[in-house]
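Beneath this line is the structure, given in structure tokens, with notes to follow.
Every value quoted in this text rests on a predicted model; they were computed, and no experiment measured them.
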Amino acid sequence: MNSENLSRREIEVLHALIDCYIKTAQPVGSRRLANKYRLGISPATIRNTLQDLEDRGLTYQPHTSAGRIPTEQAYKIYVQSLIEIQPLNDTEKAIIKSQLTTGSMAIDQILEQACRLLSNISSQLGVSVAPRFTEGILTRLELIPVAETKLLLVIAIKSGIVKSVVMEVETSINPKMVEETSAILNERLVGLKLGRIIETIHERFRDVSYGDARLLRLFVDSADKLLTTQEEKDIHIVGTPNIASQPEFQNPRKISELVSFLEERKNIIQVLNSIALSDGVVVTIGKEANLGNLDSCSLVTSTYSAGKSTGTIGVIGPTRMQYSKLMSIVDYTSKVISEILSKE
């Protein structure tokens, strides 16, 4: 269903209902709508219209004597057709930009600060995912011994992005051989896109006769995982107390579901990456967000650019969110991050 299937009166009442419920988190009755909104119709007419909307699956009553609450489908219609986006003024833009451009920060710090900013503004969860680097151009590789059988692989990408991965080796590490291996990796891979490296890695090291053969084999066989896999540390989530204080999470069961959800960070990365296939600001409501037991939550997300790679930032909160303002905030924040990273 979309707004074209609704009468003008139904659209106005639905818009008022959603606006009121977003602000109050309380079921909305016809008398409150009549008193608070200039609909030009009586409480009795509003009551009849609310019943019509309920028959269409757009509202429901938690119990017989209560007012009505918008359904997931109602929010979808609201975001797609009824919402009036509230643009940011110059002062709001300046605040966002100043908080993201304070000093020289690594990308992880920028994303963490962006999450904090979004969480504070929205009183929900701020989330961000580091870029996937398949389009990034490799500028340097370093192999650093950190324990007898562990190496830290540091991957530097053009535009200043640095990613580090711990590699486990089966035997003790010879520092001189590690240095030789690092040299040949740089000799044959620097200047290539990571995606191209993954596609041609076996061919590029077929004739190697120096360096640590076992270490090279480990790198070659694990290149896809080492260069592109996103790990738990690649996602930032800020604002758990904010979302936990919302009326929707006062039930102990809901709090437990929230905690369980936040512990499965790799699942959150997958959800955000799937949404990131779309351009611009994306609002994903309720069950379509694939947030597990948090099926009464929504996402407002946008992609940012880091060179030719992209990542995702956004907000997770109850379906009862201030979409009209949050869409502008998330959109502008992603643009500021893209601007910062392009300068880097």
Report task. Check for a donor-acceptor pair, side chain of Thr139 on one end and backbone N or O of Ala156 on the other, with a separation under 3.5 Å. Result -> yes
Check this for me: does any side-chain nitrogen of one of [X] and [Y] sit under 4.0 Å from a carboxylate oxygen of the other?
{"X": "Arg204", "Y": "Glu187", "result": "no"}
{"X": "Glu257", "Y": "Lys254", "result": "yes"}
{"X": "Arg217", "Y": "Asp221", "result": "yes"}
{"X": "Glu199", "Y": "Arg196", "result": "yes"}
{"X": "Glu142", "Y": "Arg140", "result": "yes"}
{"X": "Glu339", "Y": "Lys335", "result": "no"}
{"X": "Arg188", "Y": "Asp207", "result": "yes"}

Query raised in the report: Is there a donor-acceptor contact under 3.5 Å linking the side chains of Ser298 and Tyr323?
Result: yes
Query raised in the report: Are Arg56 and Asp52 close enough, and set up right, to give a salt bridge (Lys or Arg N to Asp or Glu O under 4.0 Å), and what steps lead you there?
Result: CA-CA 6 Å; Arg56 290 174 176 267; Asp52 292 340; over 6 Å; no
Query raised in the report: Taking C-beta and beyond as the side chain, do Ile173 and Thr149 meet within less than 4.5 Å on heavy atoms?
Result: no
Query raised in the report: Any side-chain heavy atom of Asp212 sitting closer than 4.5 Å to one from Val178?
Result: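 Side chain of Asp212 against side chain of Val178, heavy atoms only: no contact under 4.5 Å found.
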